[in-house]
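Encoded as structure tokens, the structure appears first; notes follow it.
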Number of protein chains: 2
Amino acid sequence: MGQPGRIREVRDEIGPAGTLDLRAMINLEQRLVPDLIEALTKRYTILRTVSLLQPVGRRVLAQELGTTERRLRAEVEFLREQGLLTVSNLGMALTAAGEKLVEELAEYVHEARDLTRRETALAERLRLERVIAVPGDSDTSETVQKDMGRAAAQYLKSILTEGMVLAVSGGTTLASVAAALVPGNYHGRITVVPARGGMGEDLDKQAGSIAAKIAAKLNANHRLLHLPDSLGEEAAAVLAQEPEIKEVLELVRSASVLLLGIGVAQAMARRRHLRPDQLALLDELGAVGETFGYYFNRRGEIVYVTPSTGLKLENIKRIGHVIAVAGGASKAEAILAVLSYNFPPLTLVTDEGALTGMLKLLEGR
Amino acid sequence: MGQPGRIREVRDEIGPAGTLDLRAMINLEQRLVPDLIEALTKRYTILRTVSLLQPVGRRVLAQELGTTERRLRAEVEFLREQGLLTVSNLGMALTAAGEKLVEELAEYVHEARDLTRRETALAERLRLERVIAVPGDSDTSETVQKDMGRAAAQYLKSILTEGMVLAVSGGTTLASVAAALVPGNYHGRITVVPARGGMGEDLDKQAGSIAAKIAAKLNANHRLLHLPDSLGEEAAAVLAQEPEIKEVLELVRSASVLLLGIGVAQAMARRRHLRPDQLALLDELGAVGETFGYYFNRRGEIVYVTPSTGLKLENIKRIGHVIAVAGGASKAEAILAVLSYNFPPLTLVTDEGALTGMLKLLEGR
DNA sequence: CGTTGATTGCTACCTTAACCGTCATATGCT
DNA sequence: AGCATATGACGGTTAAGGTAGCAATCAACG
């Protein structure tokens, strides 16, 4: 009677369009062979990492993936037999088939890790325009950081428009975005500026350097804010009248797109060499997240500002689009804090570790 | 430059409709985790077999699946933990979730075994209307035979029409088709008749018995040919004039659908108790396949006919549709031989073992 | 140009744990 | 009572993986 049908029956009943969709299929697989997804993502991660690091040796790769060389050997041997990667006396590299497979597998892994659903869940919860998450955790793996950089770079490239003024912040994450940008000529005039003046980080990670690098990659113009750190109020006001500075400042304040990284408050404060009493103050104020000099508490309120010149959060409303890039489970709370602020339409590029952490935090309250 | 993209890149490039279809996905999985896919189909087979045999004990099931009890135990334990089957001291049975999973998984396995592609390949090669293959091999497993019966029964049910006259042959395979038919009222008047008179098999497997059983299941009429075996030519001619016999004969010759099984020539001949010299003759004539009394050589030519009354292959052209049911790797050559004959539109219901064997034979020549 | 140090792949050995064959026992159906 | 069922326990075989060391190659540097 209500017996389950044979293959053909099912097909006939549902019709030729009754194909299982990817998500339903993965659900079935997970119930019947739970290790499958795990093993598959594991191998995918190996291929993906090799793809980014090639040529790479086993020991380095093992360390990168958090496994031992012996274990990795078994996997590599298999992948080699499958013709997906070659191994020479100088390391491993993907074959053409391997590269193609990685590309095709990306969508599968994304779905298998249930990223699509969780991306939209977070976006709805925080009223973001869009969330883009890459598999993995930047905290654990260097490669994931690079991967996230690629995703952000790709997204940035997709929204470039004629005459756009792009303001960028600093940080290691944004440095990886700049590094991941593929050089090339893009649409017409684009100008890249640092969102604020230098704020005492390594030169490579300062907003100015990153702006320059991004501009170079995009073959765009860039202008810098040559200002010393920790300027007094009145001195800043005087300098702001300098024609060249003034011009750049106006450019910054008219930016149409803002690209920013997000950091953990205490870690950022320390990297900027704040004094112990200032660190204590931040703690007292409940600061957990930071972005380009602004510190936020859990409710998304600004509790502290590093003195500097440039874009002020107050005039951020005019900006058409904000792109935030940050990942790693350890940054989940910080990202959540910052994004609770009432930003203009914002796209978050993150990783699975942070995504999972944020959803967990939101679950708890 | 031509670097493989990240998740989002792929999606953006291909667009939201660029979802992997089932076949593409299975292809990926099969290249990356072949052993787990094997495990998946294995577990599916277990569930499927339990579904058909329940309640069933481990030893019986192990024998049926060609494995040992100990191995099966590990699998069953897993499946039980997953809530897919329950195990009582009377055997195993599927839970509702298990039944549902089996149903949903059917399409996956079909695709995973690459059956769809090979079905159409065979159909094109032999100019058949359609080929329907179930996973597995009837030679090895009793369950596959039943499964094939279900598939054939389902297909038969789908083509029933008002006033149809269905002629059936005999054999164990067709007996399983009859057994698999779900009883119930179907469209209007249907008449079931044996294609030919009794031909010296077990009563249960004779065309007449099967016709009766199918008719009962379909709640249809049936008429029988009560004729002794091996009738002399002139005696047959006389009997054919008997009103009742004549009426049935005309019914048979006006059949619109023909349902037949296919056997290996030598095996069938022996089952019909042909004399040694007849067996030798068949061999000499190159007979390899048989269906309802007709013996075919490799080229699909009729080389021998068991004397009997009823449908003659010469008037088969009038029949609108033929359904052939036969499976098992050992029958591949026989099926191929019979289907090389120039039948009207024919649908073959078979199994993976026979399908694979036939394609292999076609490959060799 | 040669030397040194760092990587690379690869082999060998041995421990450990998982797997599975085997036997024994308990329970319930017919 | 007898058969088929599950279930438990033991032990041997085998595969997986940790550890160590070696030859070859590459990059940097004196």
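Letters A, B, ... mirror the listed sequences (proteins, then strands); counts begin at 1. Just so you know, these numbers come straight off a predicted model, no measurement behind them.
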Test item: side-chain donor near acceptor, A:Gln54 and A:Glu99, under 3.5 Å: yes
Check: D:dA6 base within 3.5 Å donor-acceptor of B:Arg59 side chain: yes
Distance-only donor-acceptor test (3.5 Å): side chain B:Arg70, base C:dG21: yes
Between C1' of D:dG21 and CZ of A:Arg58, the distance in whole Å: 16 Å
Residue from A:Leu52, A:Val50, A:Thr45 passing side-chain contact (heavy atoms from CB on, under 4.5 Å) with A:Thr143: A:Leu52
Rounded distance in Å - CD (B:Glu64) to P (D:dT5): 13 Å
Whole-Å distance separating the CD atom of B:Glu75 from the P atom of D:dA6: 15 Å
Separation of atom CG in B:Asn89 from atom P in C:dT27, rounded to whole Å: 11 Å
Short N-O contact, A:Arg73 and A:Glu69, less than 4.0 angstrom: yes
4.5 Å side-chain heavy-atom contact, A:Glu352 and A:Leu115: yes
Euclidean distance, atom CG of residue A:Leu72 to atom P of C:dC10 [Å, nearest integer]: 12 Å
First of A:Leu90 and B:Ser88 reached from the 5' end of DNA chain D, by closest nucleotide: B:Ser88
Side chains of A:Arg150 and A:Ser176, donor plus acceptor under 3.5 Å: no
Contact under 4.0 Å: B:Thr68 side-chain N or O vs C:dC20 OP1/OP2: no
Distance, rounded to the nearest Å, where A:Glu69 contributes CD and C:dT11 contributes C1': 12 Å
Nearest-nucleotide 5' precedence on DNA chain C, A:Gly57 against B:Arg71: A:Gly57
Sugar-phosphate only, base, or nothing, as touched by A:Glu77 at under 4.0 Å among non-hydrogen atoms: nothing
Whole angstrom value for the distance that separates C1' of C:dA6 from CD of A:Gln63: 14 Å
Distance-only donor-acceptor test (3.5 Å): side chain B:Arg73, base D:dG8: yes
